[in-house]
Every structure is written in structure tokens, then in C-alpha cells.
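Below, read A as the first sequence line, B as the second, and so on, with proteins coming before strands; counting in each chain starts at 1.
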2 protein chains.
Amino acid sequence: MRKRRDSLASVVAKDLAERIERGDYAVGDKIPIEAQLCEMFNVSRTVVREAIATLRSEGLVTSRHGVGVFVEERANPALSITKEAAGELSEVLELLELRLGVEVEAAGLAARRATEDDLRAIRDVFDKACDLDAFAEQPRELDYAFHLAIARASGNGWMAKFMDFIGPVIIPRSQLLHASQPEITRDYLRQMVDEHRRILDAIAAGDAVAAQEAMRMHLSTSLERYRKRLVES
Amino acid sequence: MRKRRDSLASVVAKDLAERIERGDYAVGDKIPIEAQLCEMFNVSRTVVREAIATLRSEGLVTSRHGVGVFVEERANPALSITKEAAGELSEVLELLELRLGVEVEAAGLAARRATEDDLRAIRDVFDKACDLDAFAEQPRELDYAFHLAIARASGNGWMAKFMDFIGPVIIPRSQLLHASQPEITRDYLRQMVDEHRRILDAIAAGDAVAAQEAMRMHLSTSLERYRKRLVES
DNA sequence: GCCTCATCAGTTGTCTGATGACTGCGCAAT
DNA sequence: ATTGCGCAGTCATCAGACAACTGATGAGGC
């Protein structure tokens with residue numbers, strides 16, 4: 001008896017969502033009015049209204065005051081990362097590959113389009129990380145900031161958004177891994193700064209191909225590091 | 001006077017969401033009970049409940065029957081494309097650039113990892129498009145199917161997901177553009193098939209760099225086509 | 001005949017009051 | 001000290017009413 005497990009409103013919402021998804025009500029159609037839905041599900045109007053509020057917030061329907069509730073075009077494809085998925089190391093690896101593709105392109109675009117301000121922003125972050133002591137304190141954050149600055153410099157809003165999207169997933173997970181296996185050595189940091197420098201120089205020089213190549217190198221090495229850990233675990 | 005523009009429930013939901021986002025109520029905290037919220041916003045419980053139903057469906061809070069409503073950990077970063085954004089030609093261009101980065105990488109990975117089945121799937125789609133008559137009938141769909149097959153062959157689930165995510169946005173918009181400016185000539189289709197062939201051959205040969213290069217070429221040309229239209233319009 | 005506008009029916013939005021159901025806590029009984 | 005019970009707080013649901021809005025219809029003026 002798990003009837004009591006889910007609220008009536010959520011049951012109605014799920015049922016309606018399913019019907020819409022299945023095409024019982026076509027896009028643009030008006031779904032039954034509240035009174036009819038009450039009768040269909042044997043619930044009060046409160047419940048129906050809450051269910052519809054849910055669907056509305058999910059973008060499945062829109063309400064028009066005094067007219068009715070209409071099925072909305074399902075045009076909200078979303079790439080979302082659930083906590084479970086981000087927990088798997090293999091998933092993080094795949095995510096890194098995706099990130100590599102985007103960032104290589106971002107570096108290339110940045111080399112072609114970066115403004116003076118963009119360059120200054122990248123250089124600022126880079127300079128901060130040059131101080132190895134500061135870098136050692138929050139390696140993930142500074143590294144991420146560097147990459148984010150480049151994405152912004154690409155002049156492509158979606159790339160910056162993509163980094164915003166992927167950042168919170170990459171950083172904390174990495175910290176977890178880092179905590180269990182703290183192998184960030186001075187040498188590693190120095191190598192990182194070198195790689196960053198190559199990227200920065202290429203972008204500053206406006207050399208798109210070199211920037212792409214440098215970025216690919218940089219991300220490939222960290223990808224390899226993760227891959228090793230996967231094998232080990 | 002746009003007070004009547006938004007429903008009270010959505011106003012309350014937005015306000016509460018903002019407070020939560022701002023940290024007025026910390027994660028795990030109980031937010032004020034319904035009665036208090038009614039007083040705060042001078043609305044009825046119906047409105048408050050609908051607002052909370054919205055927040056709940058967005059994952060910002062969870063309700064515990066008989067206890068209270070609690071702020072949930074915000075862990076659902078999502079990259080989503082709204083219709084408004086996808087409508088702008090310039091946005092589509094930026095989206096294409098993002099796609100280029102991902103697909104170049106996907107092509108490279110596919111060259112290294114594609115199984116026999118993967119290759120067969122890609123080849124199947126390619127063969128279909130070789131029949132120029134069939135290709136001419138649904139050029140966007142077949143082109144997209146080809147790219148999707150490659151993303152699948154990359155062995156990276158996120159890349160396939162990314163294509164799923166971006167496909168519905170790219171295809172219909174392209175059709176719109178196409179309808180207003182039907183310049184898909186026989187020559188263009190033939191060129192497309194050639195470009196596809198180069199990609200396919202490189203992947204089949206396991207040559208990652210060549211596959212990347214071919215994919216970059218292919219997408220760059222269509223990117224240029226769109227860019228021209230942007231200038232024209 | 002055609003246009004304008006008031007009216008009206010239908011529907012969602014909001015309010016109100018009441019009751020049911022669930023949880024956590026304290027208190028009493030053992 | 002432990003257990004069981006009841007109570008207060010809170011969310012969930014119900015029922016009914018009125019307000020606000022929309023689209024269509026029809027009457028009236030031109």
C-alpha cells in the first residue's frame with residue numbers, strides 16, 4: 001500500500017504528464033477543464049490545480065486565464081547532470097572528454113576574437129596561479145577560473161554557459177578524488193602553469209591552431225591522470 | 001500596471017526562489033509555514049501551496065507531511081535551451097560553434113573506438129544519403145542522423161546525449177531558414193556526401209586526426225553558410 | 001450589409017473555512 | 001529507563017464561493 005507514499009497532486013501530475021507525453025492531448029490542445037479533471041481523478045480542485053502548477057513549471061502546459069490550459073510544445077531539451085551520474089568516475093571521465101572538445105574549440109575562438117579585456121582577465125587568473133603557494137591552496141578553483149576566462153573570451157555565450165554548467169560538477173568531484181589521493185605535487189603544479197602559459201601565449205598571439213593544440217595537450221594530460229585512477233580503482 | 005500580468009502564485013514562487021538562492025534560508029532549513037507565508041505575501045493558502053508546488057517540482061524544496069517544507073540542496077545544474085534563445089539566428093550560430101567543438105572530438109574518439117556495429121550504423125546512414133533523391137527529400141534529418149551515429153560511435157554517452165539535446169534545436173530552425181531561402185542545390189548535396197565520405201573513411205581507418213580534420217571542415221562550411229545569412233539579414 | 005460594443009457563458013485565479021493525515025515530542029504509566 | 005499514548009504543529013485535501021479574464025454572440029447604430 002504505497003498510496004500514501006506519493007501525494008495525490010503528484011500522482012495526478014504524473015498521470016497527466018504521461019498522457020501528454022503519450023500524445024493523448026496534442027500540442028496546442030486544451031486539456032480538460034479543472035472540473036472535469038476533478039471528476040476524472042476523484043480529487044478536489046486544490047489537487048488538480050497543484051498538479052497543473054507542477055506541469056506548468058515543467059513547461060509542459062501553459063494556463064490562460066479565462067480560457068483553459070493548453071499543451072505546450074515540448075521544446076525544452078535540457079542536458080542535466082544528476083548527482084548519481086556525476087558520482088561515477090567513469091561518467092566524470094566521459095564528461096571530461098566532452099569538456100575537452102568544447103574547450104579546444106573555445107581556445108581557438110578566443111585566439112581569434114579575444115578583446116583586450118578578455119586577455120587581461122585570462123592573464124590575471126594566470127598570474128595568480130603563477131604564485132605556486134596560492135595555486136597549491138586551491139588548485140582546482142584557479143584552474144577552473146583560467147578555463148572559464150578562456151571560454152568567456154571565445155565570445156560565444158554558450159561556451160561560457162557550458163563551463164558554468166560543467167564547472168560545479170568537475171570541481172567538487174575532483175576534490176573528492178584529490179582528498180582520497182592527494183598527489184598534487186609541486187612539480188605537477190609547475191607543469192600545469194607551463195601548460196597554461198602555452199595556451200595563454202597562443203591566444204595572445206592570435207594563433208588559433210596553436211591555442212587548440214595547447215589546450216588539447218593540457219586537458220589530455222589531466223584526462224590521462226583520471227584514466228589511470230579508474231584503472232587502479 | 002503589470003501586476004495582473006503574472007499570477008500571484010508565480011510571483012510568490014519567484015520571490016521565495018530568490019530568497020532561497022540568496023541564502024536567506026539555508027539548505028536543510030525549514031521555511032516559514034504556510035500560514036506565515038500567507039501573511040508575508042498577503043495571499044491565500046491556495047496561492048502559497050501552488051507556489052510551493054512549483055518550487056518542489058524544480059527541486060528547490062521538499063515537503064514533509066506534518067513537519068514542514070525544507071530547502072533542498074541545489075544540485076541540478078542544467079544546460080537548457082529556451083525557445084526564445086533558439087530563435088535568434090546569432091544564437092544558433094553560437095550553438096553551432098559549440099556543436100563543432102563536441103563533434104570534432106566525437107569524430108576523433110569514434111576513429112579510435114568505433115565497433116563494427118557502430119561503423120555499420122554510420123555507413124547505413126551514409127549510404128542512404130548517397131541516393132541524392134532520398135537525401136534531397138530530408139537533407140537535415142539524414143545529415144543529423146549521420147552525425148548522431150558518429151556521436152554514438154564515440155563510445156561516450158554524454159556526446160550522444162549532447163547531440164540528442166542539440167538536435168531538435170538545430171533541425172527545425174534550419175528548416176525554417178531553409179524554407180525562407182531554399183538554396184539546397186544538387187551540387188551542395190553532392191559536396192555534403194563527399195564531406196561525409198571523408199569523415200567516414202577516416203573513422204573506418206582509425207585515423208583520429210584525419211577524422212577530426214574532416215569533421216571540422218564539414219561543420220565549418222555549414223557554419224560559414226549560416227554566417228553569410230546572418231550578414232545578409 | 002457591416003462595424004461597434006455590451007453582454008454572457010465558460011474557465012482559470014483567488015479566497016475562506018474546515019477536516020484529515022502525518023510527525024515529533026513530552027508526559028505518564030510501567 | 002523504557003514504552004506507549006496523546007497532543008500540538010504542520011502539511012494534504014476537501015468543498016464552496018466569488019473575482020477576473022477571454023472569446024463568442026447578438027443587438028444596435030451607421
Side-chain angles (χ1 to χ4, degrees), chain A residues 1-20 24-73, chain B residues 1-20 24-73:
Chain A
M1 203 59 142
R2 64 178 47 181
K3 268 184 188 172
R4 299 276 165 273
R5 219 48 173 197
D6 291 328
S7 72
L8 279 182
S10 73
V11 171
V12 172
K14 266 194 200 97
D15 193 321
L16 279 177
E18 198 180 320
R19 291 185 195 212
I20 290 174
D24 285 11
Y25 309 119
V27 171
D29 273 12
K30 194 168 80 162
I31 69 176
I33 65 172
E34 291 176 353
Q36 282 175 305
L37 292 175
C38 292
E39 210 181 318
M40 283 171 57
F41 293 102
N42 269 79
V43 295
S44 72
R45 220 174 131 218
T46 310
V47 171
V48 167
R49 286 192 58 75
E50 250 177 76
I52 289 181
T54 299
L55 299 185
R56 194 171 34 226
S57 98
E58 287 169 1
L60 263 75
V61 301
T62 54
S63 304
R64 284 166 57 192
H65 191 172
V67 185
V69 178
F70 298 82
V71 176
E72 195 69 4
E73 193 172 4
Chain B
M1 199 64 142
R2 63 179 45 180
K3 266 184 189 170
R4 299 276 165 274
R5 219 51 174 192
D6 291 329
S7 74
L8 280 182
S10 73
V11 171
V12 172
K14 266 196 200 93
D15 194 320
L16 279 177
E18 197 180 320
R19 291 185 194 213
I20 290 174
D24 285 10
Y25 308 118
V27 171
D29 274 12
K30 194 168 84 162
I31 69 176
I33 65 171
E34 291 178 353
Q36 283 174 302
L37 291 175
C38 291
E39 209 182 317
M40 284 170 55
F41 292 102
N42 270 84
V43 296
S44 71
R45 278 210 325 288
T46 310
V47 172
V48 167
R49 286 193 57 75
E50 252 176 73
I52 290 181
T54 299
L55 299 184
R56 193 169 37 225
S57 95
E58 287 169 3
L60 263 75
V61 301
T62 53
S63 304
R64 284 166 56 192
H65 192 170
V67 185
V69 179
F70 298 83
V71 176
E72 196 70 2
E73 193 171 6

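The rotation axes computed at either terminus of the helix from C:dG1-D:dC30 to C:dT30-D:dA1 lie 10° apart, taking five pairs at each end and rounding to 10 degrees.
The list of side chain to side chain donor-acceptor pair (under 3.5 Å) pairs with a residue in residues 32-41 of chain A, not counting sequence neighbours, reads A:E34-A:R45, A:E34-A:R49.
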Listed pairs, N/O of protein and of nucleotides 7-11 of chain D, under 3.5 Å:
{"from": "D:dG9", "atom 1": "N2", "to": "B:G66", "atom 2": "O", "distance (Å)": "2.6"}
{"from": "D:dC11", "atom 1": "OP2", "to": "B:E34", "atom 2": "N", "distance (Å)": "3.3"}
{"from": "D:dC11", "atom 1": "O4'", "to": "B:G66", "atom 2": "N", "distance (Å)": "3.4"}
{"from": "D:dC11", "atom 1": "O2", "to": "B:H65", "atom 2": "NE2", "distance (Å)": "3.1"}

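Annotation: salt bridge (charged side-chain N to carboxylate O under 4.0 Å, His left out) contacts of B:R64 (sequence neighbours excluded): none. In this view, A:S63 and A:R56 satisfy the side-chain hydrogen bond (donor to acceptor under 3.5 Å, both in side chains) rule, not counting sequence neighbours. Legend: residues meeting side-chain hydrogen bond (donor to acceptor under 3.5 Å, both in side chains) with A:R19, ordered by chain and number and at least two apart, are A:D15. With sequence neighbours left out, the side-chain contact (heavy atoms from CB on, under 4.5 Å) criterion links B:L8 to B:V43, B:V47. Scored by the side-chain hydrogen bond (donor to acceptor under 3.5 Å, both in side chains) test, A:S44 finds no partners at all (sequence neighbours excluded). Residues satisfying the side-chain hydrogen bond (donor to acceptor under 3.5 Å, both in side chains) criterion with A:D29, sequence neighbours excluded, are absent altogether.
Between the side chain of A:R45 and the base of C:dT14 there is at least one donor-acceptor pair of N/O atoms closer than 3.5 Å.
Between the CG atom of B:L8 and the P atom of D:dA19 there is a distance of 16 Å, rounded to whole Å. In this structure, B:E39 places its CD atom 14 Å from P of C:dC15, rounding to the nearest Å. Atom CD1 of A:I52 is separated from atom C1' of C:dT14 by 15 Å (rounded to the nearest Å). Atom CD of A:E50 and atom C1' of C:dG13 are 14 Å apart (whole Å). Between the CG atom of B:N42 and the C1' atom of C:dT16 there is a distance of 15 Å, given to the nearest Å.
Between A:S44 and D:dT13 there is no side-chain N or O to OP1 or OP2 distance below 4.0 Å.
When all heavy atoms are compared, the tightest approach of B:G28 to B:F70 is O-CD2, 3.4 Å.
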